[in-house]
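Heads up: numbering here begins at 1 and tracks the sequence.
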Amino acid sequence: MKPDTSPLRIVLHAPTAAALIRARNNANHIAADDPVVDVRIVVNGDAVAAVLDAPDPSLDTRTLVCPNTLGRLGRGAPSPLVVLPQGAALSLALMQREGWCYVRA
């Protein structure tokens, strides 16, 4: 059997402001350890306001924002943040089905 040589894809889930801090730290560490790994951060809940209030230019391009939480907050997500096409819970499940490794930050 051949080993899987496709790049590893990791999605870090941050539903709270504290989890966002951990997710950003984890993403930076993963990138430093293996720059080929594709890392994304999915934020929902309290983490959405935290990501909007404290941008991180080096990681915002990898950050996916829950549209449901944005709607509840009455806010938009400026570029380079990406708004998910559906809520975070469904998006995370679909990403896992597509082979993304889920990690709760």
Worksheet entry | salt bridge (charged side-chain N to carboxylate O under 4.0 Å, His left out) contacts touching residues 78-91 (sequence neighbours left out) | none
Discussion item. Measuring only between side-chain heavy atoms, which start at C-beta, is R22 closer than 4.5 Å to N25?
Written reply: no
Item to complete: Only pairs at least two apart or in different chains count here, so list each ring-ring contact (aromatic ring centres under 6.0 Å, His included) that has a residue in residues 53-85.
Response: none
Worksheet item: After noting the C-alpha distance and the side-chain angles of N44 and N68, does the key distance pass the side-chain contact (heavy atoms from CB on, under 4.5 Å) rule?
Response: CA-CA 8 Å; N44 67 320; N68 299 332; over 6 Å; no
Which pairs would a plain distance check flag for residues 76-84, meaning a side-chain donor or acceptor within less than 3.5 Å of a matching protein atom at least two apart in sequence or in another chain?
none

Fill in: Non-neighbouring partners of A14 that pass side chain to side chain contact (heavy atoms under 4.5 Å, CB included), sequence neighbours left out
A19, L20, A23, I41, V43, A47
Practice prompt. Kindly write out the residues that satisfy side chain to side chain contact (heavy atoms under 4.5 Å, CB included) with A89, not counting sequence neighbours, or none if the list is empty.
Written response: none
Fill in: Where G87 and C66 come nearest, the two heavy atoms and their spacing
CA-SG, 4.0 Å
Fill in: salt bridge (charged side-chain N to carboxylate O under 4.0 Å, His left out) contacts touching residues 7-17 (sequence neighbours left out)
none
Quick one: side chains of residues 94-103, donor-acceptor pairs under 3.5 Å with protein atoms, not counting sequence neighbours, listed by atom name and distance.
residue: Q96; atom: NE2; partner: L92; partner atom: O; Å: 3.3
residue: Y102; atom: OH; partner: H13; partner atom: ND1; Å: 2.7

Item to complete: Output all residues satisfying side chain to side chain donor-acceptor pair (under 3.5 Å) with S91, sequence neighbours left out; order by chain, then residue number.
Response: Q86
Practice prompt. Can you measure from CD1 (I21) to CG (N26) and round to the nearest 0.5 angstrom?
Written response: 12.0 Å
Worksheet entry | salt bridge (charged side-chain N to carboxylate O under 4.0 Å, His left out): pairs with one or both residues in residues 63-87, sequence neighbours excluded | D53-R75
Worksheet entry | Heavy-atom pair of closest approach, residues L59 and A27 | CD2-CB, 3.9 Å
Worksheet item: Can you name the residues that form a side chain to side chain donor-acceptor pair (under 3.5 Å) with D46, not counting sequence neighbours?
Response: none
Discussion item. Using the rule given for side-chain contact (heavy atoms from CB on, under 4.5 Å), can you reason through L12 versus V42, listing the C-alpha separation, both sets of side-chain angles and the distance that settles it, and then say yes or no?
Written reply: CA-CA 6 Å; L12 302 169; V42 170; over 6 Å; no
Counting only pairs under 3.5 Å, give me each side-chain donor-acceptor contact of residues 28-39, with atom names and distances, residues two or more places apart or in other chains.
residue: N28; atom: ND2; partner: R24; partner atom: O; Å: 3.3
residue: D34; atom: OD1; partner: V36; partner atom: N; Å: 3.1
residue: D38; atom: OD1; partner: R40; partner atom: NE; Å: 3.1
residue: D38; atom: OD1; partner: R40; partner atom: NH2; Å: 3.3
residue: D38; atom: OD2; partner: R40; partner atom: NH2; Å: 3.3

Worksheet item: Sequence neighbours excluded, which residues qualify as side chain to side chain donor-acceptor pair (under 3.5 Å) partners of T61?
Response: none
